[in-house]
Each structure stands twice: as C-alpha cells, then as structure tokens.
There are 2 protein chains.
Amino acid sequence: MAFLQSMPKSETIKLREKHVGSACQLFFRSSPLKIVRGIAQFMYDETGERYLDCINNVAHVGHCHPHVVEAGRNQMSLISTNNRYLHDELVILAKRLVKTMPESLSVCFFVNSGSEANDLALRLARVHTNKKDMITLDHAYHGHLTSMIDLSPYKLNLPGGPEKPEWVHVAPVPDVYRGKYTYPRDSQSEEELGNLYAREVGEICKKVKEAKGGVCAFIAESLQSCGGQIIPPDGYLKKVYEYVREANGVCIADEVQVGFGRSGTHMWAFQTQDVVPDIVTMGKPMGNGHPVAAVITTPEIAKSFADTGVEYFNTYGGNPVSCAIANAVLDVIEEERLMERAARVGNHLLSRCESLKHKHRLVGDVRGRGLFVGVELVTDKESRIPATAEAKHVVNRMREERILISRDGPDSNVLKFKPPMVFTTQDADRLVDTLDRVLSELEENTKSVQMKLEVLVSPIREDVGSGDLQLKSSIQQYVKAV
Amino acid sequence: MAFLQSMPKSETIKLREKHVGSACQLFFRSSPLKIVRGIAQFMYDETGERYLDCINNVAHVGHCHPHVVEAGRNQMSLISTNNRYLHDELVILAKRLVKTMPESLSVCFFVNSGSEANDLALRLARVHTNKKDMITLDHAYHGHLTSMIDLSPYKLNLPGGPEKPEWVHVAPVPDVYRGKYTYPRDSQSEEELGNLYAREVGEICKKVKEAKGGVCAFIAESLQSCGGQIIPPDGYLKKVYEYVREANGVCIADEVQVGFGRSGTHMWAFQTQDVVPDIVTMGKPMGNGHPVAAVITTPEIAKSFADTGVEYFNTYGGNPVSCAIANAVLDVIEEERLMERAARVGNHLLSRCESLKHKHRLVGDVRGRGLFVGVELVTDKESRIPATAEAKHVVNRMREERILISRDGPDSNVLKFKPPMVFTTQDADRLVDTLDRVLSELEENTKSVQMKLEVLVSPIREDVGSGDLQLKSSIQQYVKAV
C-alpha cells in the first residue's frame with residue numbers, strides 16, 4: 001500500500017497539526033519523537049536512533065514481544081467477535097485472572113481501556129450501594145471519561161478543568177514527603193502517618209454517612225502514579241477500608257498503572273497493603289499495548305448489577321483477540337518470571353537512586369516498589385520546594401542521552417521510572433549513571449547566571465512548541481543577551 | 001500453549017457462568033453458540049457448522065479479512081505505543097477520514113470504542129457551548145458508560161435503569177410507522193412528518209433556551225439502530241439542526257453503527273439527510289473488530305477543548321496498530337467498492353423483503369437503506385400491535401436454519417439485518433427465502449392452540465436460560481399438556 005510508506009517527519013508533524021486535536025499533546029513538543037520500531041525495552045526513531053524506554057508501563061512484557069504478537073496474529077486470523085458468543089479465550093482469561101486474586105474476587109467484566117474499567121467500577125458501586133458520594137485522593141487520575149474526570153483532581157485542579165461535583169470528596173494523598181502529614185515533621189512512625197492520612201478519609205465517611213446514610217465508594221490507585229509515584233505508608237489502606245465499610249461503601253482498587261506484578265512482590269499492588277478490595281480495575285499492561293482492560297469484583301456486586309435487568313454490552317470487550325493477547329501477556333509474565341525480575345531490578349534501581357540522594361542537592365526524595373520508582377527534585381532539601389524547571393531540563397537532557405523518562409506530580413517535579421518489566425540491572429545502571437551525570441552538570445552549570453536562565457526558560461520554550469518560531473527565537477536571543 | 005486448546009462447550013459455559021458477570025448476556029441464552037472461526041459473511045461453531053451472519057456490522061469488510069489481519073500483524077510486530085509520539089499511520093488515517101467528511105469537519109481524536117467516542121463528543125460540546133442540557137431521541141442507545149446511559153432512553157426506560165437526569169431531554173424518535181406521528185394517520189407527506197418530529201426538538205430547544213440561555217447539544221444516530229432500524233423522514237435532521245443551532249447548541253451525529261458506507265449511497269448516514277454536523281462519532285466497523293473509534297469535529301470546537309489547557313490523553317487511542325488496521329479497513333472499502341455493493345445488495349434485500357410484506361400478515365413494515373434493513377412484525381396490520389413473541393420465535397428458528405439475525409426496537413419486534421458489507425445477492429435471497437418459509441410455517445402453525453402457546457412460551461424459556469432446568473422442564477410439560 002502506498003499509504004504505508006513512511007513520510008518525512010516534517011510532513012507527519014504538519015498533518016498532525018492540521019488533523020489531530022491539539023489537546024492531544026506530544027511528548028517533547030518543540031521537537032517530538034517519531035517512533036517507528038520497538039523491541040523489548042528499546043524504541044527506535046525513523047533514523048534508527050535507539051532509546052532506552054524507562055516509562056512505558058503499557059509495553060509491560062517488552063515492546064513487540066514475539067509470543068504476544070503471535071497470539072494476536074493467530075486469533076485475528078481465526079475469529080474476533082463479541083462476547084454474546086461463547087469463546088474459550090475469554091473464559092480462560094477470566095479463570096487465570098481470578099486465580100491471582102483474593103478468593104472473594106471471582107467475577108470479571110472485560111472492557112477496552114482503564115477508563116472504561118473505572119467507569120464500570122463506578123456503575124457497579126452505584127448499583128450495589130444505591131449511594132452516590134465518592135471519595136477520591138488529591139492529585140488522582142482515573143481516566144479521560146466524563147465520569148472519571150469528576151473523580152480526578154489531577155484534572156479538576158487545573159485552571160481550565162471542570163468544577164468538582166458536590167458528591168465527590170477529596171482526601172489528601174498519603175504523600176509522606178510533601179503531603180499534609182510528612183516524615184519526620186508530623187511523625188517518625190510510618191504507621192502513625194498512615195493513621196493520620198486514613199483518619200482524613202474517616203472524617204469524610206462520618207460526615208457523608210450522617211448526611212446521606214452512607215458513601216458509595218472509595219477509589220484509589222494502590223500506588224498513586226500521576227500524583228508523583230506515591231507509596232502509601234504501611235497500614236494506610238487497611239484503615240481506610242475499615243472507615244469506608246463502616247459507612248456502607250465499597251472499596252475500589254485502581255490497578256490500571258501498577259498491576260500485573262510491577263510492584264515486584266505481589267501481582268497486584270493492593271496486596272502490598274494487605275487489603276481485599278470489593279472491585280479491582282486493570283488495564284494498560286494487560287494487552288502489552290492492545291486495547292484491553294477488565295474489572296474484577298465479588299459475586300454479590302456482580303449480582304446486584306445483573307439484578308437491575310439492564311444488560312451490560314461492550315462491543316469489543318472480551319473479544320477473542322483481546323483475550324488471546326491478554327492470555328499471552330500472562331504467559332510471558334509467568335514464563336519469564338517478570339515479577340521476580342521487577343523485584344530484583346527494582347531493588348537495584350532504588351538503591352542506586354538512593355545514592356543519588358546523598359550526592360545531589362537537587363534530589364529530595366527517592367521512593368518506589370519494584371519497577372515503579374520516583375525521584376523527587378527540590379531546590380532546597382529543607383523547605384522541599386519543588387524543582388519543576390530543573391525536572392523538565394533533566395527529562396530533556398536524558399532524551400539527548402537517548403533515555404526516555406518523564407515527570408509527574410502536582411508540581412511536575414518527580415522523575416518517573418516505570419519501564420517495561422524486561423528492564424535489566426545494566427539498564428538501571430545506565431539510567432542512574434546518566435542521571436547522575438546530568439544532575440552534576442545541572443548543579444554545576446546553574447552556578448552561572450546564563451545557565452540558570454536557560455534552565456528557567458527551557459520549559460517555556462518547550463511549551464511554546466514547534467508552532468511559534470518567532471517567540472522561540474526571541475527567547476533564544478533573550479537568553480544569549482543575558 | 002496448553003491454554004489455547006479448545007475445551008468442551010459445557011466447560012466453557014460452566015467457566016463463563018462462574019467467572020463472567022451475568023449482566024453480560026449471551027445470544028440464544030438457553031443454547032448459546034460457541035463461535036471459533038469467521039470468514040467473510042460466515043461464522044463457524046466448534047462442530048464446523050456454518051452460519052450466515054446477517055447482524056455483525058462490526059465485521060464490516062468481512063470476518064478476518066486477510067488484508068486487515070496482515071496490516072494488524074505487521075504493525076504489531078513493529079511498534080505499538082501511545083500518540084505522544086509521532087506516527088505516520090495516525091496522521092494518514094486522520095487525513096483519509098477527514099477527506100470523507102464535509103470540509104468543516106477536519107480535526108480528529110482517536111479512542112477505543114464508540115462509547116468513548118460519544119463520551120468525548122459530550123465533553124467537547126460541553127466545553128465549547130459552556131452549557132449542560134442535552135437532547136436525545138427516545139429509545140436511543142449511545143454507549144455503556146455512565147455518561148452515555150444518561151443519554152440512552154434504551155437503558156433509562158428499563159424498569160431497573162437509572163433515573164434520567166434533569167438536564168437530559170428526550171424527543172420522540174422519528175418513527176413514521178409506530179411513533180408519535182405516523183404515516184398515513186398524521187400525514188401522507190414525508191416532509192410534513194419530518195417537520196412534525198423536528199418541531200418536537202424545536203419545542204425543547206425553545207424551553208431550554210428560555211430557562212438556561214441555550215442547549216449544549218443534540219445527539220442522534222443518523223439512522224437509529226437499537227430503536228428498531230428507524231429511517232428518519234427526509235428533511236428531519238435539517239430542521240432539527242436549525243432549531244438546535246438557534247438555541248446555541250451543537251449537533252452530534254452518532255455514526256458508530258451506521259457509518260463507513262453502510263447506507264450504500266453515502267460514506268456517512270448523516271449525508272443522506274443533507275446536513276453537516278458539528279461533531280461526528282464513529283466506531284464499530286472502523287477496525288473490523290479491533291477496538292478503535294474516533295471523533296471528528298471542527299477546528300473551532302477542537303480549539304475550545306485545547307484552550308482549557310486540560311490535556312486529552314487516551315492511552316491506546318490512535319496507537320499505530322489500531323490506526324494501521326483502520327487504514328486497512330478503508331483500503332478494502334475502497335478497493336472492493338463495498339459502498340456500491342451495499343447499495344446494490346441492500347436494494348435487492350429491501351425489495352425482496354417488501355414482497356414479504358404483501359404475503360405475510362405478520363410483516364407490518366419494511367424499511368432500510370443499503371445494508372441496514374428492518375422488518376417490523378405485528379400481530380395486526382391495522383392496529384400495528386408488536387408481535388414480540390413471534391419475532392423471538394423467528395430469530396430462534398432462523399438460527400436453526402443456520403442464519404443469524406437479531407431483533408430490536410422498544411418492543412423487540414423488529415428483525416434487524418446489518419450484515420458484513422461483503423454480503424451477496426445470493427445471501428440476501430437465502431435470508432429472505434428462509435424468512436419467508438419460517439413466517440409461513442409460523443402463520444400456519446399458530447392456527448393451532450398448542451403452537452400459539454409454544455410461540456408465547458418460547459421467549460420465557462429463552463429468558464430462563466440454561467441455568468434453571470427445572471423451570472424449563474415444567475414449561476415443556478405445560479406446553480405438551482395443552
């Protein structure tokens with residue numbers, strides 16, 4: 001097909017600007033990457049340049065894993081139809097997923113995205129509890145749908161974001177480094193900090209129960225990703241779930257970003273907190289890039305939903321191709337022991353990042369579990385002021401070094417690592433060695449006024465994008481003139 | 001893999017009952033089909049039995065079309081990542097889709113399902129108009145998401161359905177056979193009937209504009225599918241769009257079921273009504289079964305959305321595999337001239353069904369456009385009382401004849417045909433010949449009391465499902481006893 005031939009990058013950019021909504025943002029806006037090939041933990045641009053991918057938690061078992069590709073190809077050539085017909089791949093997937101869960105979670109629904117999964121979780125919770133009020137965490141992100149934006153302070157907090165509905169209650173995120181209660185200021189005990197944060201949820205539950213007879217549900221990522229790679233203190237979720245259940249609510253664990261063994265010690269991140277949710281949602285890594293996601297719940301909640309008599313039909317949900325691919329992803333996780341690898345490589349990565357904390361004045365906090373690691377940059381370790389511009393500079397410099405990382409958190413100052421699970425200790429070493437060098441260079445250079453300005457201006461330049469060339473050149477002249 | 005081996009059907013059913021939410025209903029519940037293979041317009045069960053598929057509008061270019069499978073396989077083995085990176089398949093798809101649209105519709109957003117597309121359309125309309133009130137048609141279905149159930153009287157009208165929000169306004173569906181205004185009772189002129197129905201939307205617009213300064217949007221399938229294969233009278237949408245725009249609202253055309261040339265004469269069904277929407281949504285046929293969907297809108301609406309500063313990120317939306325597959329579907333539609341075929345075969349199917357109307361007392365109305373055809377069964381042609389039980393019986397009998405059709409509409413009495421677009425005139429003949437025979441047999445047999453009862457009871461038996469064997473056998477004994 002003539003259409004499948006590649007075109008010059010400038011042409012791709014031109015067409016994208018013309019025909020794709022600009023609310024869909026490119027990574028590295030002023031000079032975006034065109035990625036044409038992926039193998040394991042590496043991505044390649046159109047010139048053949050190779051990048052180490054430290055952020056793509058969707059390509060869970062590695063980009064284009066041959067076993068997954070083969071499963072997709074096979075099933076695509078046999079049949080792909082809707083789940084009103086019986087198919088073995090669907091029931092096998094359901095059985096295998098349920099086997100990884102606590103016993104009470106035994107009923108599956110298959111959908112196409114994490115957003116659809118969280119939306120269905122909301123519908124299940126509403127029907128089961130017959131209540132409306134939801135509790136979510138600050139800075140949380142649960143999806144791009146109307147219903148999920150309502151539950152995502154990550155979007156609601158933006159100046160142009162929609163208004164928070166009155167039935168949504170926001171509890172502080174259990175961030176013990178820069179949150180409401182921090183270590184060691186508010187307590188030296190992790191358990192005590194967990195209690196303090198849980199009590200905030202308890203207060204909401206109490207108030208809502210008094211006013212409206214109960215809450216509908218509490219929803220949280222088991223480890224908060226968009227909020228800045230937050231690892232809740234031990235015991236936090238256990239206490240929270242108690243409060244929520246006292247208020248007749250159900251507990252939803254959003255495992256879309258952090259499930260499928262990423263935490264290293266457990267298949268599901270909620271298990272690191274020793275709790276049993278009522279509803280679990282999963283997505284991104286599930287199909288290694290193929291659009292497939294799921295909701296797993298208890299027979300009781302599934303029954304409440306069926307008892308309404310309203311059929312749930314999701315056209316593509318649970319189609320044989322999606323299920324065959326998800327089964328193949330599970331095969332690889334098992335056969336290549338990727339969970340154990342996440343623990344081993346993740347521990348190595350974490351301890352190497354820890355050493356950066358002692359060496360660099362910019363590194364305020366290092367935290368993580370398995371291959372889910374955050375490095376929080378601050379301008380001052382005492383006041384913990386977020387080093388937002390510096391974080392942006394680091395991400396851009398790392399890209400020049402052919403390493404892809406990103407940043408997140410309410411102040412966009414937390415460097416995020418969540419690589420494909422085939423990441424090696426050598427990759428971790430390369431990542432940390434390079435980061436070490438980039439941080440040193442930055443700390444050294446920002447002693448000069450010009451480089452300080454460069455760092456400050458670079459995010460503005462980035463935001464300007466490739467469109468406004470005049471403004472870009474003015475900024476360049478301005479920086480040179482200083 | 002041991003897991004990929006097929007298991008006995010009874011085992012598949014057992015696992016499904018145990019691990020898949022029963023709100024996800026099977027087709028032919030008491031004796032569901034296990035489908036393991038699909039080729040063009042045919043599906044095969046595990047015993048090798050072949051079924052003519054007259055309802056799968058998702059397998060648009062035919063089950064497992066080799067060009068589409070090949071495109072998916074190729075791209076899956078190269079790269080599948082998110083749209084924060086540039087990729088040619090995405091911009092080529094955007095350009096090709098835009099080329100099929102009226103000039104003003106030039107900006108695309110890629111998502112994973114028709115539901116996601118309609119949800120995004122709602123978000124776009126809200127941001128652009130800064131209004132909340134929505135107008136939808138009675139019996140409409142726009143998706144399984146929380147936000148879409150609110151706009152779907154098809155679900156809201158059910159006894160267990162949720163309550164209709166106050167900002168949702170329901171206008172009567174322009175069904176000139178059994179709707180609010182019918183032919184020839186209310187008018188003999190199609191234009192006049194279109195005006196009568198449009199005026200109902202106009203009334204809502206006027207009221208909402210007075211109360212709240214304007215409406216947000218009007219959403220409708222260009223040909224209503226779940227409502228019972230409704231073909232709106234000529235001029236209807238033109239008038240409606242005028243009323244909506246006078247009230248500062250935008251017009252959303254839901255082409256999820258009926259787009260991509262199904263209507264035979266136009267690529268998009270809204271074009272049959274000679275209107276230009278502000279937002280168009282598309283899904284099902286777009287990926288021939290692969291989860292891909294899209295929203296296309298004007299640069300002005302896309303700009304309003306981007307201007308909020310809230311990024312729109314859809315993890316799988318517009319990934320290279322989904323786009324390569326959608327491009328391949330467009331290739332096949334063009335190369336095999338499937339739109340022309342839909343017109344040719346659809347006209348043949350429609351005229352053959354017309355002849356059934358004259359022959360059978362049960363056939364009340366026959367309507368359609370291209371390969372989107374409905375046959376409405378009634379117990380009495382004068383009063384137009386829906387023949388619901390008879391329609392169910394026909395669907396089950398046709399399955400015994402290895403022909404898959406379904407039924408829909410508020411009274412589930414409309415036989416639906418929307419086959420893959422590779423359907424032939426021979427297939428249409430087989431479908432109509434068999435339907436003719438089944439209708440004759442039914443009309444003949446229901447002269448006896450026992451068969452009348454059988455027809456009445458069969459839907460109950462079907463609803464009981466395979467689970468409750470005791471109830472099933474009681475019904476059988478009851479029927480025999482009469």
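Letters A, B, ... are given to chains in the order of the sequence lines, protein chains preceding strands, and every chain is numbered from 1.
- When heavy atoms are compared at a cutoff of 4.5 Å, Val127(A) does not approach chain B at all.
- For the options Ser22(B), Ala302(B), Ser77(B), Ser80(B), heavy-atom pairs under 4.5 Å to chain A are most numerous at Ser77(B).
- Between Thr308(A) and Pro162(B) there is no side-chain heavy-atom pair separated by less than 4.5 Å.
- For chain A, the nearby parts of Asn112(B) are the backbone and the side chain; heavy atoms of each come within less than 4.5 Å.
- Your options are Thr315(B), Leu120(B), Asp53(B), Asn288(B), and the one with the most heavy-atom pairs under 4.5 Å with chain A is Thr315(B).
- For a residue to count as touching a neighbouring chain, one of its non-hydrogen atoms must lie under 4.5 Å from one of that chain's; by this rule Val111(B) does not touch chain A.
- More than 12 heavy atoms of other residues, nucleotides or ligands shown are found within 6.0 angstrom of CG on Asp307(B).
- Of the atoms belonging to Asp119(A), heavy atoms from both backbone and side chain fall under 4.5 Å from chain B.
- Only the side chain of Ile149(B) comes within less than 4.5 Å of a heavy atom in chain A; its backbone stays farther off.
- A donor-acceptor pair under 3.5 Å is formed between the side chain of His19(A) and the backbone N or O of Ser106(B).
- The side-chain heavy atoms of Thr146(B) and Thr146(A), taken from C-beta on, include no pair separated by under 4.5 Å.
- Contacts of Tyr85(A) with chain B are made by both backbone and side-chain atoms, with heavy-atom separations under 4.5 Å.
- For the set Gly309(B), Gly161(B), Ala306(B), the count of heavy-atom pairs under 4.5 angstrom toward chain A peaks at Ala306(B).
- Ring centroid separation for the pair His144(B) and Tyr312(A) comes in under the 6.0 Å cut-off.
- At a cut-off of 3.5 Å, with distance as the only test, no side-chain donor of Asn314(A) or Ser113(B) sits close to an acceptor on the other residue.
- With a 4.5 Å cut-off on non-hydrogen atoms, Val98(A) touches chain B through its side chain but not through its backbone.
- Side-chain contact between Met43(B) and Ile79(A) is present, with at least one heavy-atom pair separated by less than 4.5 Å.
- Proximity to chain B is limited to the side chain of Leu404(A), based on heavy atoms less than 4.5 angstrom apart.
- With a 4.5 angstrom heavy-atom cutoff, Asn83(A) touches chain B via backbone and side-chain atoms both.
- Contact annotation for Phe109(B): only side-chain heavy atoms (C-beta onward) come within less than 4.5 Å of a heavy atom of chain A.
- Ranked by non-hydrogen atom pairs under 4.5 Å with chain A, the options Gly289(B), Pro299(B), Ala328(B) are led by Gly289(B).
- At a 4.5 Å heavy-atom cutoff, Leu156(A) makes no contact with chain B through either its backbone or its side chain.
- Looking at Leu158(A), only its side chain comes within 4.5 Å of chain B, counting heavy atoms on both sides.
- Interface check for chain B: of the options Gly38(A), Gly114(A), Gly318(A), Cys108(A), the most heavy-atom pairs under 4.5 Å are formed by Cys108(A).
- Between chain A and the residues Gly143(B), Ala59(B), Gly21(B), the most heavy-atom pairs under 4.5 angstrom are made by Gly21(B).
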**Request:** Could you check Asn319(A) against His290(B) for side-chain contact (heavy atoms from CB on, under 4.5 Å), going step by step and ending with a plain yes or no?
**Result:** CA-CA 9 Å; Asn319(A) 73 74; His290(B) 183 87; over 6 Å; no
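- Leu122(B) touches chain A through its side chain: at least one heavy atom from C-beta onward sits under 4.5 Å away, while N, CA, C and O do not.
- With a 4.5 Å cut-off on side-chain heavy atoms, His87(A) and Thr12(B) do not count as touching.
- Contact of His65(A) with chain B is not made at all, since no heavy-atom distance falls under 4.5 Å.
- Taking 4.5 Å as the limit, every side-chain heavy atom of Leu33(A) sits out of range of all side-chain heavy atoms of Leu86(B).
- Interface residue Val58(B): only side-chain heavy atoms are found under 4.5 Å from chain A.
- One distance of note links CZ of Phe313(B) with OH of Tyr141(A); it measures 8.0 Å at 0.5 Å rounding.
- Looking at Ser322(A), only its side chain comes within 4.5 Å of chain B, counting heavy atoms on both sides.
- Screening residues 310-320 of chain B for salt bridge (Lys or Arg N to Asp or Glu O under 4.0 Å), with sequence neighbours left out, gives Arg84(B)-Glu311(B).
- No part of Tyr154(B) comes within reach of chain A, as not one of its non-hydrogen atoms sits under 4.5 angstrom from that chain.
- Heavy atoms from other residues, nucleotides or ligands lying under 6.0 Å from NZ of Lys34(A) number more than 12.
- When heavy atoms are compared at a cutoff of 4.5 Å, Val295(A) does not approach chain B at all.
- Put simply, the side chain of Asn56(A) reaches to within 4.5 Å of the side chain of Thr81(B), judged on heavy atoms.
- Contact of the Leu145(B) side chain with the Arg123(A) side chain is not registered, since no non-hydrogen atoms from C-beta on lie closer than 4.5 Å.
- Using a 4.5 Å cut-off between heavy atoms, Leu90(A) contacts chain B through its side chain alone, with no backbone atom that close.
- Proximity to chain A involves both the backbone and the side chain of Val310(B), based on heavy atoms less than 4.5 angstrom apart.
- Surrounding NZ of Lys9(A) are more than 12 heavy atoms belonging to other residues, nucleotides or ligands, all under 6.0 Å away.
- For a residue to count as touching a neighbouring chain, one of its non-hydrogen atoms must lie under 4.5 Å from one of that chain's; by this rule Lys14(A) does not touch chain B.
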**Request:** Could you check Met7(B) against Ile92(A) for side-chain contact (heavy atoms from CB on, under 4.5 Å), going step by step and ending with a plain yes or no?
**Result:** CA-CA 10 Å; Met7(B) 57 179 85; Ile92(A) 288 167; 3.5 Å; yes
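- Atom CG of Asn130(A) has 12 or fewer heavy atoms from other residues, nucleotides or ligands within 6.0 Å.
- Residues passing the ring-ring contact (aromatic ring centres under 6.0 Å, His included) test with His63(A), sequence neighbours excluded: none.
- Proximity to chain A is limited to the backbone of Lys18(B), based on heavy atoms less than 4.5 angstrom apart.
- In terms of non-hydrogen atom pairs under 4.5 Å with chain B, the most contact-rich of Leu78(A), Val69(A), Leu15(A) is Leu78(A).
- Proximity to chain A (any heavy atom under 4.5 Å) is shown, for Leu93(B), by neither the backbone nor the side chain.
- Looking at Arg73(B), its side chain never comes within 3.5 Å of a backbone N or O of Gly72(A) through a donor-acceptor pair.
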**CA sep, side-chain torsions, deciding dist, call: Glu11(A), Val91(B), side-chain contact (heavy atoms from CB on, under 4.5 Å)** = CA-CA 9 Å; Glu11(A) 179 70 14; Val91(B) 297; over 6 Å; no
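- Inter-residue side-chain proximity for Pro291(B) and Val292(A) is flagged as unmet; no heavy-atom pair is nearer than 4.5 Å.
- Put simply, of Ile301(B), Val107(B), Thr297(B), Ile296(B), the one with the most heavy-atom pairs under 4.5 Å next to chain A is Val107(B).
- Shown here for Phe305(B) and Ala23(A), the closest heavy-atom pair between the two residues is CD2-CB, 3.5 Å.
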